[in-house]
2 protein chains.
Amino acid sequence: MKKKDVHSYTYAYEYIRDQILSGKIDPETKLTETSLAEKLGISRTPIRSAIAKLEQEGLIKNKRIFIPSSIDMRNIFQVRILLEGYAAKYCANFITENALLRLRECVDIGHNGTTEEIMNANYQFHQIIVEEANNPLITDIIERMQSIIYLARKTVVQQKRPFLIEEHELICNAIESHNGELAEQLMIEHLQKDLEFSLNHISN
Amino acid sequence: MKKKDVHSYTYAYEYIRDQILSGKIDPETKLTETSLAEKLGISRTPIRSAIAKLEQEGLIKNKRIFIPSSIDMRNIFQVRILLEGYAAKYCANFITENALLRLRECVDIGHNGTTEEIMNANYQFHQIIVEEANNPLITDIIERMQSIIYLARKTVVQQKRPFLIEEHELICNAIESHNGELAEQLMIEHLQKDLEFSLNHISN
DNA sequence: AATTATAAAATTGTGTACAATTTATTTCAT
DNA sequence: ATGAAATAAATTGTACACAATTTTATAATT
């Protein structure tokens, strides 16, 4: 699909990541460099790079798929609450006009879009807020957790958690009216509800 | 705890890391796999692993040493404030007796130790609080920032920032008396002062 | 049968050669 | 000289062979 991403290790990374996230790999199986290399028809070197990256993203641990426990999920969401809560508060004062428009668009898609579109809009909504916090480190940290966050988002969107979009809308409104404290509080509650719903609806 | 760390990539990692942190590498020079491999007398493969790790720790960027700007430092400390502030608050309720003792010991060493001992005690002080928050992800994130945090700590300790140890003592007291809100607030102010001092006393 | 010791297999770590790509240098036309 | 194009050099990406290590299976001892 890309021209620039001809590199084998990118290909391997995306392939393995998709296999894990779509649940096509039995969680028990050990991901060995050799077998993956054979399956993809490339050498072990790029496979190793790909696994290293997935390991630092927390999707793989000790060469095995890492399925987050409830506690792991709570830990991840605690970090999200701290960082995204801060980002929401910060946004209320410093968000750009353009970003606010895109944020509003995410809410709209949330109301009218297809499941796939909503999945993406949901991601974008949080991403915009994080990026508008103007702290690349925070963006990085959140980015690193995406693979696991994805699992929760899939659950929440596909199983249609109630008030999901309405909560986005409230956050959006709070940011628009420059109410940082409210935006932060709403974001915290929003994430807590996402967490609880995910834990009670373990899909795959 | 010390395993068979004969692995070349561990050796390479520690060597390169030390060279950077002690300022022995000119920030302009590009860290090429080949030249490092030659210098250390090993092959490029383990060098590559080492560089990948240092890159994800933020000490290297695009194969060049990453010297954090003032803005970068502020961003890093913003994350510390969020995570360590939370950890301090959490600690006030859930810290173990043993950890509290070790925390107190760090304060004592801060008063009486040598510069090197204080450096380590300072690290330990923050580390204990972070670990007692019982969230391995938070521990990981902080751990990943250590290399850069080290630069600030060196400045603060070696140039004897006023009230450094006293602030630790106050935080320790707040935790001991289960005053979470106070512990958090003190930690935030403590980190802010560390940041400002570091920015005004750029040592290397 | 359980436990330990030994051997075999699988897997990861490392070195090295070469290909692909990026970066630096030279050449040439204007 | 300046800038574009061509070329050379440096560097990274990949494959593969072999060594070191870890894991698994097998045998031996109690």
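In the text below, chain A, chain B and the rest are named by the order of the sequence lines, each starting its count at 1. As the structure is a prediction and not an experimental result, all values here were calculated from the model.
With rounding to whole Å, B/Tyr13 atom OH is found 16 Å from C/dT14 atom P. To the nearest angstrom, C1' of D/dT21 lies 13 Å from NZ of A/Lys63. One interatomic measurement links the two molecules: OH of A/Tyr11 to P of D/dT14, which rounds to 13 Å at whole-angstrom precision. Per the geometry, CG belonging to B/Leu40 stands 14 Å off C1' belonging to C/dT14, to the nearest Å. Straight-line distance from the CG atom of A/Leu36 to the P atom of D/dT14: 15 Å, rounded to whole Å. For the pair A/Glu33 CD and C/dG13 C1', the interatomic distance rounds to 9 Å; values are reported in whole Å. Rounded to whole angstrom, the span from the CZ atom of B/Arg48 across to the C1' atom of C/dG13 amounts to 14 Å. Put simply, NE2 on B/His7 is 7 Å from P on D/dT21, counting in whole angstrom units.
Under a 3.5 Å cut-off, the side chain of B/Asn75 and the backbone N or O of A/Asn135 do not form any donor-acceptor pair.
In B/Tyr86, the OH atom is crowded: over 12 heavy atoms of neighbouring residues, nucleotides or ligands sit closer than 6.0 Å.
With respect to the salt-bridge test (charged N to carboxylate O, under 4.0 angstrom), the residues B/Arg161 and B/Glu167 qualify. Under 4.0 Å is where a charged nitrogen must lie from a carboxylate oxygen, and between A/Arg64 and A/Glu55 no such pair does.
Under the 3.5 Å distance criterion, with hydrogens and angles disregarded, no donor-acceptor pair is assigned to the side chains of B/His190 and B/Glu84.
Within the cation-pi definition used here (under 6.0 Å to the ring centroid, within 45° of the axis), A/Arg80 qualifies as a partner of A/Phe77.
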- Task: Indicate for each nucleotide in nucleotides 15-20 of chain C, in 5' to 3' sequence, whether protein heavy atoms under 4.0 Å reach the base (B), only the sugar-phosphate (S), or nothing (-).
- Result: BBB---
